[in-house]
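Shown next, in structure tokens, is the structure this report addresses.
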Amino acid sequence: MGQPNTKTLKVIQWATGGVGKAAIAAVLNHPELELAGCWVHSADKHGRDVGDILGRGPLGVTASSNKDDVLAIDADCVVYSPLIPNDDEVKAILRSGKNVVTPVGWVYPDRSDPRVKDIERTCLDARVTLHGSGIHPGGITEKFPLMISALSTAITHVRAEEFSDIRTYNAPDVVHHIMGFGATPEQAEKSPMASLLEGGFKSSVWMVADYLGFRDPTFSSTQEVAVATATIDAGYLTIAPGTVAARRFRWQALVDGKPVITAAVNWLMGEDDLEPNWSFGERGERFELQVTGDPDVEVIIKGLQPDSIAEGLRKNPGVVATANHCVHAIPQTCAAAPGIKTYLDLPMIAGRPAPGLSR
């Protein structure tokens, strides 16, 4: 059947952090998409050519920090990727007649939530669509486990778990102030990270539990920390002894008190000088997908973590993959009926050939 759109779709990029910059590159590589505009948060990016912000040649698209000016641009879709979503911004984009694809929520929203109902109503009134995507959550946690679950029967447990070296994530303010690295264990447990993560991962867990048909699941979440036993120099951040150098989060759906769905992350500032003595294990950095049933099925995903810290600070493949997953959903999102649409509502989303290889 092919891709759902034949016309070139005009895209606006909203925010130019790591995901935003990677999304722009993905749009430029996509034969069915055209970059039409770009909203930026900082004043020093306002008025600059987007290519200059990316460190490449001019693209002929000027970035703007004026939201009204950006919303007035004729476009089909906005890739909305700020650090923290703002419902008023999302509604303004939708009301301007533009579809939205985003890695910061809406993967499997609770339709009974008044906030979700408000966004859905805005979509319907404006005749546009909102789709939440990403990686973890946003693909590896729910879309891919559901896909491989078809290879098994009598399923008792589905697990999606990340093992990553957080030293490759070049965002010191986020790592320290939001994720809690370098803070005391008490400060880290009170940091906004747990609540920010839970919104997305709880939705992912619920999607898998609902779609597979588990009976009356309840939800559980846990978090653990490991502290540095010696000074850890991450380059952009120094972790003092006794402060947080690793974090583990688990989100689970339970039936009769036993986990049936698990989503988990293990973020470490390397494997040295940690207490407890956590490590990535013999498989190294990776994503694991496991379906326990008849038969048991396991998939290991490599390549989304960089080979070295230096490479990750230059271009983190996990960040790029997050952006790609969003951008590749644009044609399907624009072709969908109005409303909030999840992976369960959209047709197959796939990558596209390199420029020069596509028809």
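The minimum heavy-atom distance linking Ala75 with Ala36 is given by the pair CB-CB, 4.4 Å. In this structure, Gly270 and Asp165 approach most closely via the heavy-atom pair N-OD1, 3.3 Å. The minimum heavy-atom distance linking Gly180 with Ala188 is given by the pair O-CB, 3.8 Å. Here the shortest heavy-atom pairing between Gly318 and Ile135 reads O-CD1, 3.2 Å. Closest approach of Ala209 and Ala253 over heavy atoms only: CB-CB, 4.3 Å. Taking every heavy atom of both residues into account, Leu54 and Ala25 meet most closely at CD2-N, 4.4 Å.
Ser221 and Glu198 share a donor-acceptor pair across their side chains, judged by distance under 3.5 Å alone. In the model, Ser164 has a side-chain atom that pairs as donor or acceptor with a side-chain atom of Gln305 under 3.5 Å. Remark: the Asn266 side chain and the Glu161 side chain contain an N/O donor-acceptor pair separated by less than 3.5 Å. Remark: the Thr262 side chain and the Gln252 side chain contain an N/O donor-acceptor pair separated by less than 3.5 Å. When only modelled atom types and interatomic distance are considered, Ser42 and Asp44 share a side-chain donor-acceptor pair under 3.5 Å.
Residues Phe201 and Val265 are in side-chain contact: their nearest non-hydrogen atoms beyond the backbone lie under 4.5 Å apart. The closest side-chain heavy-atom distance from Leu83 to Ile178 is below 4.5 Å. Inter-residue side-chain proximity for Arg95 and Thr122 is flagged as met; some heavy-atom pair is nearer than 4.5 Å. Between Pro109 and Glu120 the shortest side-chain heavy-atom distance does not fall below 4.5 Å. Residues Leu28 and Arg56 meet the side-chain proximity criterion, which asks for heavy atoms closer than 4.5 Å. Counting heavy atoms from C-beta outward, His30 and His328 have side chains that approach closer than 4.5 Å. Inter-residue side-chain proximity for Met207 and Leu146 is flagged as met; some heavy-atom pair is nearer than 4.5 Å. Side-chain contact between Ile53 and Lys21 is present, with heavy atoms from C-beta onward closer than 4.5 Å.
Note on Phe249: it does not cluster hydrophobically with Leu254, by side-chain heavy-atom contacts below 4.5 Å among ILVMFWY residues. Hydrophobic clustering of Ile, Leu, Val, Met, Phe, Trp and Tyr side chains at less than 4.5 Å, counting indirect connections, unites Trp251 with Phe144. Note on Val227 and Ile232: separate hydrophobic clusters, where clusters join Ile, Leu, Val, Met, Phe, Trp and Tyr whose side-chain heavy atoms are under 4.5 Å apart, directly or indirectly. Cluster annotation: Ile84 is connected to Val107 through the hydrophobic network of ILVMFWY side chains, with a link wherever side-chain heavy atoms come within less than 4.5 Å. Neither Ile148 nor Ile300 shares a network with the other; the hydrophobic side chains, linked directly or stepwise wherever heavy atoms of I, L, V, M, F, W or Y lie under 4.5 Å apart, form separate groups for each.
Rounding to the nearest 0.5 Å places CD1 of Ile140 at 11.5 Å from CD of Glu288. In this structure, CD on Gln332 lies 13.0 Å from CG on Asp345, to the nearest 0.5 angstrom. Annotation: the span from Leu33 atom CG to Ile24 atom CD1 amounts to 13.0 Å, rounded to 0.5 Å. In this structure, Ser133 OG and Asn324 CG are separated by 10.0 Å, a value rounded to the nearest 0.5 Å. To the nearest 0.5 Å, atom NZ of residue Lys91 and atom CG of residue Asp118 are 3.5 Å apart. Distance check: Lys98 NZ to Thr129 OG1 gives 14.5 Å after rounding to the nearest 0.5 Å.
A search for salt bridge (Lys or Arg N to Asp or Glu O under 4.0 Å) contacts involving Lys67 returns Glu89, not counting sequence neighbours. Not a single salt bridge (Lys or Arg N to Asp or Glu O under 4.0 Å) links Glu162 to another residue, sequence neighbours left out. Annotation: side chain to side chain contact (heavy atoms under 4.5 Å, CB included) contacts of Asp272 (sequence neighbours excluded): none. Ser191 meets the side chain to side chain contact (heavy atoms under 4.5 Å, CB included) test with Met193, Arg247; sequence neighbours excluded.
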Test side chain to side chain contact (heavy atoms under 4.5 Å, CB included) applied to Met179 and Ile166, step by step:
CA-CA 10 Å; Met179 299 174 74; Ile166 209 67; 3.5 Å; yes
Go through the steps for Leu9 and Cys77 under the test side chain to side chain contact (heavy atoms under 4.5 Å, CB included), then give the verdict.
CA-CA 8 Å; Leu9 298 171; Cys77 189; over 6 Å; no
Any chance you could lay out the side chain to side chain contact (heavy atoms under 4.5 Å, CB included) test for Leu59 and Asp49, step after step, and finish with the verdict?
CA-CA 7 Å; Leu59 296 176; Asp49 188 282; 3.9 Å; yes
Using side chain to side chain contact (heavy atoms under 4.5 Å, CB included), reason through Glu142 and Tyr108 one step at a time and then give a plain yes or no.
CA-CA 10 Å; Glu142 65 293 303; Tyr108 191 61; over 6 Å; no
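Contacts classified as salt bridge (charged side-chain N to carboxylate O under 4.0 Å, His left out) and involving residues 256-265 (residues at least two apart or in different chains) are given here: Arg215-Asp256. Among residue pairs with one or both ends in residues 253-291, those qualifying as ring-ring contact (aromatic ring centres under 6.0 Å, His included) are His136-Phe287; sequence neighbours excluded. Pairs engaging residues 69-80 under the salt bridge (charged side-chain N to carboxylate O under 4.0 Å, His left out) rule: Lys7-Asp76, Lys10-Asp74 [sequence neighbours left out]. Listed by first and then second residue, the ring-ring contact (aromatic ring centres under 6.0 Å, His included) pairs involving residues 338-359 are His131-Tyr343, His325-Tyr343 (not counting sequence neighbours). Sorted by first and then second residue, the ring-ring contact (aromatic ring centres under 6.0 Å, His included) pairs with a member in residues 154-197 form an empty list; sequence neighbours excluded. Screening residues 296-316 for ring-ring contact (aromatic ring centres under 6.0 Å, His included), with sequence neighbours left out, gives no hits.
Counting side-chain heavy-atom gaps under 4.5 Å among Ile, Leu, Val, Met, Phe, Trp and Tyr, the cluster of Val128 also holds Ile12, Trp14, Trp39, Val70, Leu71, Ile73, Val78, Tyr80, Val90, Ile93, Leu94, Val100, Val104, Trp106, Val116, Ile119, Leu130, Ile340. Side-chain contacts under 4.5 Å among hydrophobic residues (ILVMFWY), followed directly or transitively, place Val320 with no other residue at all.
Between the side chain of Thr102 and the main chain of Ser81, no donor-acceptor pair closer than 3.5 Å is present. Listed for the Thr243 side chain is no donor-acceptor partner under 3.5 Å among the backbone atoms of Ile239. Using a distance-only test at 3.5 Å, with no hydrogens or angles considered, no donor-acceptor pair links the side chain of Gln187 to the main chain of Glu189.
Under 4.0 Å is where a charged nitrogen must lie from a carboxylate oxygen, and between Glu298 and Arg286 no such pair does.
The number of heavy-atom neighbours closer than 6.0 Å to CG of Asp210, taken from other residues, nucleotides and ligands shown, is above 12.
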